[in-house]
2 protein chains.
Amino acid sequence: MKLQKLTKQRKNEEKRRYEDACGVALALELIGERWAPLVLRELMFGPRRFSELRADLPGISANVLTQRLGELEERGLVRKTQLPPPASVQVYEATPWGLEAAPVMRALGKWAVRSPRHNPGQFVSAVSIMMSMQTMFDASRAEGLSGRIGFRLGSLGFVAEIRDGTFSAQRGDPDDADVVFTGEPGQVAGVLYGGAPLEIVDVTGDRSLAKRFVTLFPLPPKVD
Amino acid sequence: MKLQKLTKQRKNEEKRRYEDACGVALALELIGERWAPLVLRELMFGPRRFSELRADLPGISANVLTQRLGELEERGLVRKTQLPPPASVQVYEATPWGLEAAPVMRALGKWAVRSPRHNPGQFVSAVSIMMSMQTMFDASRAEGLSGRIGFRLGSLGFVAEIRDGTFSAQRGDPDDADVVFTGEPGQVAGVLYGGAPLEIVDVTGDRSLAKRFVTLFPLPPKVD
DNA sequence: CCGTATCCAATAAGATACTG
DNA sequence: CAGTATCTTATTGGATACGG
């Protein structure tokens with residue numbers, strides 16, 4: 001029975017290939033399945049657990065997540081690893097090549113967001129919002145600015161740094177930053193992109209830095 | 001009956017949305033369906049007819065092509081237009097915003113092609129091969145080079161220009177170029193990327209320019 | 001809690017034939 | 001040529017149950 005399934009699956013994979021030497025077609029074979037790019041996105045700031053992925057991809061079912069992770073693994077984009085003791089939990093992490101898809105995904109998102117269909121009121125994950133900052137950061141608005149900005153988004157911590165007109169972000173302890181935003185990712189998105197007042201998130205530390213910070217991420221103009 | 005179908009389709013679209021404000025998720029809703037990016041790719045050098053698209057997307061079925069074109073149109077990526085007389089045939093063309101996806105698609109292809117799964121022996125369309133040149137062009141190898149290179153790929157003509165370390169290409173009459181490559185796209189791909197001898201394609205004009213030209217497109221190193 | 005396995009209903013894709 | 005219509009097959013997601 002299992003063998004039958006494997007056979008069937010292989011046949012499907014063969015059938016569903018594009019048989020096209022174009023890199024775009026290959027990309028679709030690698031990460032073209034439903035949910036696959038979003039799973040990869042969630043790994044762009046470091047390893048995550050199955051349940052975290054599930055929580056940050058609302059709508060995906062456990063079996064589809066299992067399947068996608070398996071496919072991404074066999075294609076060399078994701079690795080299944082064990083976190084060092086004492087945690088010793090199993091996590092999924094993007095391979096170096098998988099991580100190299102990040103700039104492409106950011107460019108794709110930046111392109112798509114010009115659609116009139118973009119609805120900023122929907123759910124966003126912590127990773128999404130951090131990636132969006134990397135994507136939308138406008139160096140010209142950060143002239144002369146530098147500082148470390150911490151984020152506590154649900155259970156994940158990040159630290160961003162602005163210096164010399166560059167923006168960088170990685171996971172880390174937000175507490176050793178000049179200012180810390182704490183809240184759900186959607187609230188931070190509201191402040192950054194929805195014109196919501198700073199008060200809807202918890203801000204501790206250098207409040208004037210926070211006020212300036214939230215102006216650095218202009219959305220591209222809509223088409224249509 | 002038609003009304004029923006429309007209702008059903010809308011429900012599906014709602015169900016299959018990601019409900020995620022992330023730009024990547026939106027991109028998937030716009031061009032995430034099977035074949036959609038390849039359909040758009042085929043329009044990146046100008047309008048095409050239904051039958052051309054079908055021919056250059058081997059494996060797509062007519063009904064799926066119809067459906068994708070309709071979806072891309074309603075999402076603002078593609079327009080259905082009439083070619084000016086005397087041709088007066090119906091064609092599909094990318095909108096300006098659709099065309100802006102081109103650099104993203106090139107970056108995606110460049111990333112994907114590093115996979116050990118890439119098989120350069122498969123079918124390539126004329127548009128694919130022209131896009132691949134834009135993607136893989138290495139300015140440092142074109143030092144001091146300039147010239148116009150024509151392509152007659154199946155029924156499509158293109159003219160590329162190299163000047164000051166830049167590469168540009170558009171559809172046009174290849175005959176007023178310094179050298180012209182004529183053949184099937186796959187043969188040109190073999191010469192550019194597969195190390196095949198120049199002789200497998202038809203080259204007319206400045207042969208030494210052709211010899212230099214085919215060295216300008218290095219493939220990125222494989223992962224793994 | 002971390003997944004995996006299985007079954008089911010709904011849809012999407014594929015193959016093929018056919019029409020204006 | 002430019003698509004529709006129809007039928008079959010494959011994939012998806014949801015529910016549920018199960019093993020470590």
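By convention in this document, chain letters (A, B, ...) are assigned in the order of the sequence lines, proteins followed by strands, and residues within each chain are numbered from 1.
What separates CD of Gln90(B) from P of dC1(D) is a distance of 15 Å, to the nearest Å. dA12(C) atom C1' lies 16 Å from atom CD of Glu29(B), rounded to whole Å. Taking atom CH2 of residue Trp35(B) and atom C1' of nucleotide dA15(C), one finds them 14 Å apart after rounding to whole Å. Atom CD of Gln67(B) and atom C1' of dG14(C) are 12 Å apart (whole Å). Rounding to whole angstrom units, CD of residue Gln82(A) and C1' of dG20(D) are separated by 13 Å. Rounded to an integer number of Å, the gap from CG of Leu69(A) to P of dC2(C) is 14 Å. Nucleotide dC1(D) holds its C1' atom 16 Å from the CG atom of Asp56(B), rounded to whole Å. Leu65(A) has its CG atom 11 Å from the P atom of dG13(D), to the nearest Å.
Which of dT12(D), dA13(C), dG3(D) sits closest to the side chain of Lys80(B) comes down to dG3(D).
Each of Arg68(B) and Ala62(B) lies near DNA chain C, and the nucleotide nearest Arg68(B) is the one positioned closer to the 5' end. Take the nearest nucleotide of DNA chain D for Arg49(B) and for Arg54(A): the residue whose nucleotide is more 5' is Arg49(B).
Nucleic acid contact class of Thr66(B) (heavy atoms, under 4.0 Å, all strands): base.
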- request: Test Glu93(A) against Arg171(A) for salt bridge (charged side-chain N to carboxylate O under 4.0 Å, His left out), laying out the working first.
  value: CA-CA 14 Å; Glu93(A) 70 176 343; Arg171(A) 287 188 59 181; over 6 Å; no

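Between Phe213(A) and Phe151(A), the two ring planes are tilted [angle within 30° to 60°]. Taking the six-membered ring for Trp and thresholds of 30 and 60 degrees, Phe50(B) and Tyr92(B) have ring planes inclined between 30 and 60 degrees apart. Using a 30° and 60° split on the angle between ring planes, Trp111(A) and Trp97(B) fall in the parallel class, below 30°. Ring geometry for Phe217(B) against Phe167(B) counts as perpendicular: the plane angle is over 60°, on a 0 to 90° scale with 30° as the lower cut.
Scanning atom types as modelled, one donor and one acceptor separated by under 3.5 angstrom connect the side chain of Asn63(A) and the base of dG14(D).
Residue Tyr92(A) has no polar side-chain atom (N or O) positioned under 4.0 Å from OP1 or OP2 of dC2(C). Between Ser51(B) and dC1(D) there is no side-chain N or O to OP1 or OP2 distance below 4.0 Å.
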